[in-house]
Enquirer: 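Let me give you the structure first, and then I'll get to my questions.
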2 protein chains.
Amino acid sequence: MSASQIDAVALDGAGPLYDQIRRAIRDLILNGAWPPGTVVPPEHALMERLGASRMTVHRALGQLAREGLITRRRRSGTIVASPPASHAMLDILSIPEEVRGLGHEYSYRILARRDGRALRPVVALFELGRAVEVVRLTVLHYADGVPHVLEERVIHLATVPAAEQEQFVAIPPGDWLLQNSLWSQAEHAISAVAAEADQAKLLAIGEGEPCLLVERRTWNQGDPVTAVRLLYPGGRHRFVGRFGPYGNV
Amino acid sequence: MSASQIDAVALDGAGPLYDQIRRAIRDLILNGAWPPGTVVPPEHALMERLGASRMTVHRALGQLAREGLITRRRRSGTIVASPPASHAMLDILSIPEEVRGLGHEYSYRILARRDGRALRPVVALFELGRAVEVVRLTVLHYADGVPHVLEERVIHLATVPAAEQEQFVAIPPGDWLLQNSLWSQAEHAISAVAAEADQAKLLAIGEGEPCLLVERRTWNQGDPVTAVRLLYPGGRHRFVGRFGPYGNV
DNA sequence: AGCGTTTAATTGCATATGCAATTGAAGAGG
DNA sequence: CCTCTTCAATTGCATATGCAATTAAACGCT
């Protein structure tokens, strides 16, 4: 932890002190200023830097630990945690992980790639107001050689410029983005649709068969990152979740 | 808060004191011993009862408040919170609420009711090992007079005996259960299926059209409460959720 | 170098204390 | 009866202090 890093912790004067500290550190993590693995200053250092008591700093860090943003160990100190790969029913972000978790062999194929200006539906989807440069990809994912899910994706080059050079030969675009971009907000929608002729052919099912459509849009600090439509053959897939009346108590 | 109520708070000696207190009170709430609206003893009363300092009691109650199980107000005190009606994407438990939230007029009709022993699929669904007494219901819900969702439900009479006498004329079974039973765990699954002939007719769609199928099973402290299958016409419905990489930060 | 022991950095927990903020309830005054 | 003021119950926040638990790193011994 360098001096510049600890100096980055700045309070805003709004609300309780412990919460100012919590939000200050949380924002550094969510903004990417303190990426996963960063060593957070020890309590007594923050205490001196911020002029707060140790218990107050401790309270702020304790809450961040409970929220999962940091992990703490006695003597070793506090480090920024890695975001969990998936943390709820629909937050399956890595299709290879999903397929291997089901006990199947994973493979994928890029069916098409077109770089250029976003088409009108994409512009509307992200409420952009103007056409921007994007990468458009169509990917078919296989489980044990059988088509598993059809992916159509748009990546925004303004937010993720490195995508222009990437060929996605070793790693599918969804996983590549997880490693090479930040995201702070996502929205997904799930619905049932009938497979169109070309989709059905790719997925090796009949035209008109029911499919589960998962659409996800992702932003980082308000800037669009990517949008993806995942089409799962209906008969073979269910999404399962567990919860209690007050949440996951 | 009577003496018997405060005496119900019992510590188990495992782990940190503040967490023992938190779990003790949490369990009283989750078990239904302290239903929503119950007045929780003030900090100084718990402090005397448990022999802990006020700060330690405060820490336990503070965490429960953050978890949403209690609400606290200065001077007024602490009361057990009502479980939120819906708290995430798929936790739409009240169909009337869902329909009215979309700005439509709600109505429903009980299409069929059969009481008796559970059929084999239900026995398997809840891993019961033997047939038990259940109520089986088929309900069609309408939004502005248009079929909205088809509900097939099984209610376990051993866990919810009052269901036997209820006719569900004023309130649909899902909402009646919310008011007349407790649940501690739920599991849901979502998938896409083709509408069968009879289902399609009821929903006023074509046979084979894609539908979103939500299946939910509910338990209270390990005892089965209800199972429901909700069939939504695919084209008209999407479930939407928002989240961040570390959860809902 | 390898191995056990000691040290010390860091977090975790609990207490005691004091004051601030909120607000229901009691009381005062008309 | 109504309104305004005062009081006090209750939670919220911050500090100071002390000790316990964990464990990486330093040390010392062979």
Side-chain angles (χ1 to χ4, degrees), chain A residues 1-3 5-6 9-26 29 34 37-81, chain B residues 1-3 5-6 9-26 29 34 37-81:
Chain A
M1 176 60 51
S2 72
Q5 277 174 307
I6 189 169
V9 183
L11 305 185
D12 59 9
L17 183 54
Y18 78 89
D19 207 55
Q20 294 182 47
I21 298 172
R22 185 185 68 84
R23 282 183 284 108
I25 295 175
R26 182 201 63 183
I29 294 172
W34 289 5
T38 303
V39 175
V40 177
E43 293 180 355
H44 64 80
L46 287 166
M47 179 179 155
E48 288 187 5
R49 155 93 177 116
L50 301 170
S53 76
R54 202 198 127 208
M55 283 305 290
T56 301
V57 172
H58 183 72
R59 183 172 177 180
L61 293 176
Q63 288 204 21
L64 288 171
R66 244 175 290 118
E67 292 169 12
L69 272 78
I70 59 178
T71 60
R72 318 195 71 198
R73 279 173 66 203
R74 284 162 167 149
R75 164 72 198 185
S76 310
T78 302
I79 61 171
V80 176
Chain B
M1 175 60 54
S2 71
Q5 277 174 307
I6 189 171
V9 184
L11 307 184
D12 59 8
L17 182 54
Y18 78 89
D19 207 54
Q20 295 181 48
I21 298 172
R22 184 184 68 83
R23 282 183 284 109
I25 295 176
R26 182 201 63 183
I29 295 172
W34 289 5
T38 303
V39 175
V40 177
E43 293 180 354
H44 65 80
L46 287 167
M47 180 180 155
E48 287 185 8
R49 154 92 176 116
L50 301 170
S53 74
R54 200 196 130 213
M55 283 306 290
T56 301
V57 172
H58 183 73
R59 183 172 177 179
L61 293 176
Q63 288 203 22
L64 288 171
R66 257 194 314 283
E67 293 169 12
L69 273 77
I70 59 178
T71 60
R72 318 194 71 198
R73 279 174 65 204
R74 283 162 168 147
R75 164 71 198 183
S76 309
T78 302
I79 61 171
V80 177

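These numbers come from the heavy atoms of this one structure, side chains and all, not from hydrogens, waters or symmetry mates.
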Enquirer: I'd like to know if B:E43 and B:R72 make a salt bridge, using a cut-off of under 4.0 Å between side-chain N and carboxylate O.
Expert: yes
Enquirer: When you check the gap from the basic side-chain N to the acidic O, do B:R22 and B:E67 get nearer than 4.0 Å?
Expert: yes
Enquirer: Can you see which heavy atom on B:I70 is nearest to which on B:L61, and at what distance?
Expert: CD1-O, 3.4 Å
Enquirer: Of A:R59 and A:S76, whose closest DNA chain D nucleotide lies nearer the 5' terminus?
Expert: A:R59
Enquirer: Rounding to an integer number of Å, can you tell me how far B:R75 CZ sits from C:dT23 C1'?
Expert: 7 Å
Enquirer: Of B:G62 and A:M55, whose nearest nucleotide on DNA chain D comes first from the 5' end?
Expert: B:G62
Enquirer: Do any N or O atoms from the side chain of B:R49 and from the backbone of B:P41 form a donor-acceptor pair under 3.5 angstrom?
Expert: no
Enquirer: On DNA chain C, nearest-nucleotide positions of B:S53 versus A:T78: which is more 5'?
Expert: A:T78
Enquirer: Taking heavy atoms of chain A and a 4.0 Å limit, find me the 5'-most and 3'-most nucleotide of DNA chain D within that range.
Expert: D:dC13 to D:dA25
Enquirer: Name the nucleic acid region contacted by A:G51, choosing base, sugar-phosphate or nothing; use a 4.0 angstrom heavy-atom cut-off, strictly under.
Expert: sugar-phosphate
Enquirer: Give the minimum heavy-atom separation between A:W34 and A:I25, together with the two atoms involved.
Expert: CZ3-CG2, 3.9 Å
Enquirer: Please determine if B:R54 and B:E48 form a salt bridge, counting it only when a charged side-chain N lies under 4.0 Å from a carboxylate O.
Expert: no
Enquirer: Base, sugar-phosphate, or nothing for B:R54, non-hydrogen atoms under 4.0 angstrom?
Expert: base
Enquirer: Could you tell me how far apart B:R73 (CZ) and C:dA25 (P) are, to the nearest whole angstrom?
Expert: 11 Å
